[in-house]
Amino acid sequence: MTPVTELRDAVEAAVGALGDGTPARARPTLERPKQAGHGDYATNAALLLAPALGAPPREVAERLGDELRERLGPALDRVEVAGPGFLNLFLADRWYAQALAGVLDAGEAFGGGGADPARVVNVEFVSANPTGPIHVGHTRNAAYGDALARLLEFGGHTVHREFYVNDFGSQVQRFGESIQARARGEEPGEEGYRGEYIEDIARRIPDAATAPVADVARRGVELMVEAIAQSLERFRVRFDTWFSERSLHEAHPPDPSPVEHAFDVLAEQGRTYRSDGALWLRTTEFGDDKDRVLERSSGEHTYFASDIAYHQLKRERGFNLLINVLGADHHGYVGRMHAAFEALGGAPDELELLIMQLVQLVEGGRRSSMSKRRGEFVTIDELVDEIGVDAARWYLLARSHETTIEVDLDLAREQSSENPVYYVQYAHARISSVLQKAGEERVRRALAGEPGDVELHDAERTLIKKLLAFPDEVAEAIERRAVHRIAAYALELAQTFTAFYRDCQVVGVEPDVEELRLRLSVATRRTIARALDLLGVSAPDAM
RNA sequence: GCCCCUGUAGCUCAGCUGGAUAGAGCAGCGGACUUCUAAUCCGCAGGUCGCAGGUUCGAAUCCUGCCAGGGGCGCCA
């Protein structure tokens, strides 16, 4: 129970008392008004209640104000009815001091937990083809998937990070052929992979020129996966499982292969049929616009079949929420995968396919397309070399995953020193410095003390309110899978702290005041560090 | 043709499950360093929220149509 939820409960109770059971049109809001002078918190409850009561909104607001005064007592300084019928609440300084105490008591857990129900989540992301290094598009996917996983964990879920390795099928064959061609000093074919890294790999496979292509391909994929894992590690992304697509096609007698097993599950439910020599899945029964092939007339399995088997296996492994972070070029696949998931007997809300919009690469003011086959792309390592992990992660996470972003490496390089991430980190370093100046002993005493009865500065009230908003921000970010909200919040919190720092001397003022300001500094420092951690960005003590 | 995302300040983007005077960063202009860290702060300037209708006490936000940009519509992966 946070101070803000207590307030919200009081408002809802007051609404209940007035409304007498008549349902309001919607849940009343309790928000921090943008406009100073509109109170610390404001509610539109009266506007929503007025039609049901048949009374003018402003009059309803007056009555609501009386109810709230009674419920909140001395915590409430005063209420004002404003505009068409908003009710503005002005809280007493004592309320603020108590609220801050609540934040400090929550400690590292402040803003987290509360997942209901807590789920066992498998977050599958990146899953780039292991036929080349990963580029900025995958890097965005990596940053987002990892931050989402961090958020879900912080919210109280159990999270497993997974990378699906597409080590099966024709592109792997082509990959092997390209390596072999290079090993023999030849050009890869028209459809082959032409990037420089292919030569590297060819050099690292001793018998690449003569070994069977399948072996070369397998070894090439292994090397590539190793390299990808290293790059991602450097980017602070670790996977719990690297899942091989090929393994889905391998049977371990007497058990059938996972793909055959999935076919059996589907057949039992009567979801498949044969036509034109192929095996089809009736995805149309679940809203897809056409049925899909699982096994071609040639007897080969489609990629879709692998994926179905993979999802079935994830279910059997005990996850009750499967999240896949996909590039926008996969959106056509969402409908059929959901259909297949239901055909397997999965509940619709246990599979979530999140579509990330793409990264456009810009070079010399012109859009260029990223092609792995032609070897034209900016790799994760180049990006990190140029601007560093913190700036890269911030840059990729500060925008909604639903919007296309442009990456101009020249511009990114040029502007990286202006990246807002440094502003946030600087605020954190600055607080560390202030606390250091105060000394451990004084900080410890301040934290051990009771919230005093000092009159607050506006900047202090604003900062406390900003801190109190954190749990809601986290909850909303999780709810909407909107990681960028955390970045926006971190920046705002840093700005709010900086204003406080400007207006309020911390160390060396009256003991009561210093104590409160030290407490406020500690709470802010922790919250900034937490927000940065959720994004996978470091929180330095000095800059 | 159908489907998904986007269109908000010069640029990059927040705000979008309806609320009061639409925000931030960068870029621009003018100011502030005997400080608790100037990687900072203060001020100024900058907007037909793509366009047109509709819903309502109230629309950047919801609905419809149109325009523009990106992506997708395989027995490819």
Side-chain angles (χ1 to χ4, degrees), chain A residues 25-27 29 31 33-35 37-38 42-44 47-48 50-51 56-57 82-86 88 127 129 131 166 168-172 174 245 275-280 289-290 292-307 327-336 355-358 360 367 395 398-408 411-412 414-415 417-427 429-438 476 479-480 482 484-485 487-489 491-492 495 498-499 501-509 517 521 542-543:
Chain A
R25 211 166 49 180
R27 239 185 132 207
T29 60
E31 56 179 13
K34 296 171 217 135
Q35 205 59 35
H38 287 167
T43 177
N44 65 350
L47 286 161
L48 299 178
F86 291 101
N88 299 334
S127 297
N129 279 335
T131 53
N166 301 129
F168 186 82
S170 56
Q171 95 252 339
V172 175
R174 273 207 302 276
E245 180 186 358
S275 170
D276 302 330
L279 181 68
W280 297 72
D289 44 13
K290 55 176 285 201
R292 307 287 169 170
V293 171
L294 298 178
E295 187 182 274
R296 294 178 204 125
S297 42
S298 65
E300 290 173 314
H301 296 146
T302 59
Y303 177 81
F304 189 42
S306 301
D307 245 19
D329 50 344
H330 283 71
H331 112 266
Y333 149 103
V334 170
R336 83 185 72 156
I355 295 298
M356 298 225 35
Q357 292 306 309
L358 302 177
Q360 297 272 352
R367 283 207 178 108
Y395 187 83
R399 295 147 173 82
S400 160
H401 66 282
E402 287 181 335
T403 189
T404 309
I405 60 177
E406 290 189 356
V407 170
D408 181 330
L411 206 63
E414 210 173 282
Q415 293 186 346
S417 65
E418 305 299 336
N419 193 311
V421 73
Y422 299 121
Y423 182 95
V424 180
Q425 291 183 316
Y426 187 67
R430 193 180 240 171
I431 300 173
S432 300
S433 166
V434 168
L435 295 177
Q436 198 175 14
K437 174 158 180 166
E476 192 177 349
E479 168 86 25
R480 291 171 43 189
H484 71 283
R485 304 277 310 208
Y489 174 79
L491 182 58
E492 285 165 19
Q495 284 169 328
T498 303
Y501 174 84
R502 181 191 66 226
D503 295 340
C504 301
Q505 175 82 22
V506 176
V507 181
V509 293
R517 290 179 180 171
S521 298
M543 286 176 78

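Proteins get letters first, then strands, A, B, ... in listed order; numbering begins at 1 in each.
- Remark: the backbone N or O of Val421(A) is paired with a side-chain donor or acceptor of Asn419(A) at under 3.5 angstrom.
- Atoms CZ (Arg480(A)) and P (rA14(B)) sit 11 Å apart, rounded to a whole Å.
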Measure all distances between protein nitrogen or oxygen atoms and nitrogen or oxygen atoms of nucleotides 1-6 of chain B, and list the pairs falling under 3.5 Å.
{"from": "rC3(B)", "atom 1": "O2", "to": "His331(A)", "atom 2": "NE2", "distance (Å)": "3.1"}
{"from": "rC4(B)", "atom 1": "O4'", "to": "His331(A)", "atom 2": "NE2", "distance (Å)": "3.2"}
{"from": "rC5(B)", "atom 1": "O4'", "to": "Gln357(A)", "atom 2": "NE2", "distance (Å)": "3.4"}
{"from": "rC5(B)", "atom 1": "O2'", "to": "Glu402(A)", "atom 2": "O", "distance (Å)": "2.2"}

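- Base contact: Asn88(A) has a heavy atom under 4.0 Å from a base atom.
- The shortest non-hydrogen separation linking Tyr395(A) to Glu406(A) is OH-O, 2.9 Å.
- Here the side chain of Pro420(A) is nearest to one of rG25(B), rA39(B), rA20(B), namely rG25(B).
- Using atom C1' as the reference point in both rC16(B) and rU61(B), the two lie 4 Å apart (nearest Å).
- Of all the heavy atoms in Pro84(A) and Leu47(A), the pair that sits closest is O-CD2, 3.7 Å.
- Minimum heavy-atom separation, Ala398(A) to Ala487(A): CA-CB, 3.9 Å.
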Please tabulate, one pair per line, each protein N/O and nucleotide N/O from nucleotides 75-77 of chain B that are separated by under 3.5 Å, including the distance.
{"from": "rC75(B)", "atom 1": "OP2", "to": "Lys290(A)", "atom 2": "NZ", "distance (Å)": "3.0"}
{"from": "rC75(B)", "atom 1": "O3'", "to": "Arg296(A)", "atom 2": "NE", "distance (Å)": "3.2"}
{"from": "rC75(B)", "atom 1": "O2", "to": "Ser297(A)", "atom 2": "N", "distance (Å)": "3.1"}
{"from": "rC75(B)", "atom 1": "O2", "to": "Ser297(A)", "atom 2": "OG", "distance (Å)": "3.3"}
{"from": "rC75(B)", "atom 1": "N3", "to": "Ser297(A)", "atom 2": "OG", "distance (Å)": "3.4"}
{"from": "rC75(B)", "atom 1": "N4", "to": "Asp276(A)", "atom 2": "O", "distance (Å)": "3.4"}
{"from": "rC76(B)", "atom 1": "OP2", "to": "Arg296(A)", "atom 2": "NE", "distance (Å)": "3.0"}
{"from": "rC76(B)", "atom 1": "O3'", "to": "Arg296(A)", "atom 2": "NH2", "distance (Å)": "3.3"}
{"from": "rA77(B)", "atom 1": "OP1", "to": "Arg296(A)", "atom 2": "NH2", "distance (Å)": "2.5"}
{"from": "rA77(B)", "atom 1": "OP2", "to": "Arg296(A)", "atom 2": "NH2", "distance (Å)": "2.7"}
{"from": "rA77(B)", "atom 1": "OP2", "to": "Tyr303(A)", "atom 2": "N", "distance (Å)": "3.2"}
{"from": "rA77(B)", "atom 1": "O3'", "to": "Phe168(A)", "atom 2": "O", "distance (Å)": "3.2"}
{"from": "rA77(B)", "atom 1": "O3'", "to": "Gln171(A)", "atom 2": "OE1", "distance (Å)": "3.2"}
{"from": "rA77(B)", "atom 1": "O2'", "to": "Gln171(A)", "atom 2": "OE1", "distance (Å)": "2.3"}

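- Here the separation of rC4(B) from rC11(B), taken at their P atoms, is 29 Å to the nearest Å.
- A distance of 9.0 Å separates CZ in Phe86(A) from NE2 in His38(A), rounded to the nearest 0.5 Å.
- One C1' atom belongs to rG46(B), the other to rA22(B), and the distance between them is 14 Å to the nearest Å.
- Looking at Ser306(A) and Glu245(A), their side chains do bring a donor and an acceptor atom within 3.5 Å of each other.
- Between the CZ atom of Arg485(A) and the C1' atom of rA14(B) there is a distance of 9 Å, rounded to whole Å.
- Projected onto RNA chain B by closest heavy-atom contact, Glu476(A) and Ala82(A) fall at different nucleotides, the more 5' of which corresponds to Glu476(A).
- Atom CD of Gln360(A) is separated from atom P of rU12(B) by 12 Å (rounded to the nearest Å).
- When every heavy atom of Ala42(A) is checked against every heavy atom of Asn88(A), the shortest pair comes out as CB-OD1, 3.4 Å.
- Rounding to the nearest 0.5 angstrom, the gap separating the CG atom in Asp307(A) from the NE2 atom in His301(A) is 14.0 Å.
- Residues forming a side-chain contact (heavy atoms from CB on, under 4.5 Å) with Val506(A) (at least two apart in sequence, or on another chain): Val434(A), Phe500(A), Arg517(A), Leu518(A), Ser521(A).
- Closest approach of Gln357(A) and Glu402(A) over heavy atoms only: CG-O, 3.1 Å.
- Between the CD atom of Glu31(A) and the P atom of rC16(B) there is a distance of 11 Å, given to the nearest Å.
- In this structure, the NE2 atom of His401(A) is 15 Å from the P atom of rC13(B), given to the nearest Å.
- Using modelled atom types, one side-chain atom of Gln171(A) and one backbone atom of Asn166(A) make a donor-acceptor pair closer than 3.5 Å.
- Taking both residues in full, the closest heavy atoms of Ala427(A) and Thr498(A) are given as CB-OG1, 4.5 Å, listed atom of the first, atom of the second, then distance.
- Using a 4.0 Å heavy-atom cutoff across all strands shown, Ala542(A) reaches at least one base atom of the nucleic acid.
- Rounding to whole angstrom units, CG of residue Asn44(A) and C1' of rG18(B) are separated by 10 Å.
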(request) Dot-bracket notation for RNA chain B is requested: 5' to 3', Watson-Crick or G-U wobble pairs only, both distances under 3.5 Å, with ( ), [ ], | and . as defined. (result) (((((((..((((.....[...)))).(((((.......))))).....(((((..]....))))))))))))....
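- The structure places CZ of Arg485(A) at 4.0 Å from CD of Glu476(A), a figure rounded to the nearest 0.5 Å.
- For Asp503(A) and Tyr395(A), each mapped to the nucleotide of RNA chain B holding its nearest heavy atom, the one lying further toward the 5' end belongs to Tyr395(A).
- Taking a 6.0 Å sphere around CD of Gln436(A), one finds it holds 12 or fewer heavy atoms contributed by other residues, nucleotides or ligands.
- Among the heavy atoms of the strands lying under 4.0 Å from Leu491(A) are primed sugar atoms or P, OP1, OP2 only; no base atom is included.
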(message) At under 4.0 Å between heavy atoms, how does the protein contact nucleotides 40-45 of chain B? Give one character per nucleotide, 5' to 3', with B, S or -.
(response) SSS---
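- Here the separation of rG72(B) from rG25(B), taken at their C1' atoms, is 33 Å to the nearest Å.
- Remark: Phe304(A) engages Leu281(A), Thr283(A), Arg292(A), Leu294(A), Thr302(A), Ile308(A), Arg336(A), Met337(A), Ala340(A) in a side-chain contact (heavy atoms from CB on, under 4.5 Å) (not counting sequence neighbours).
- A straight line from CD of Glu406(A) to P of rG7(B) spans 14 Å, rounded to a whole angstrom.
- Look at His38(A) and you won't find any side-chain N or O under 4.0 angstrom from OP1 or OP2 of rG19(B).
- With rG19(B), rA20(B), rA14(B) as the candidates, the nucleotide lying closest to the side chain of Arg399(A) is rA14(B).
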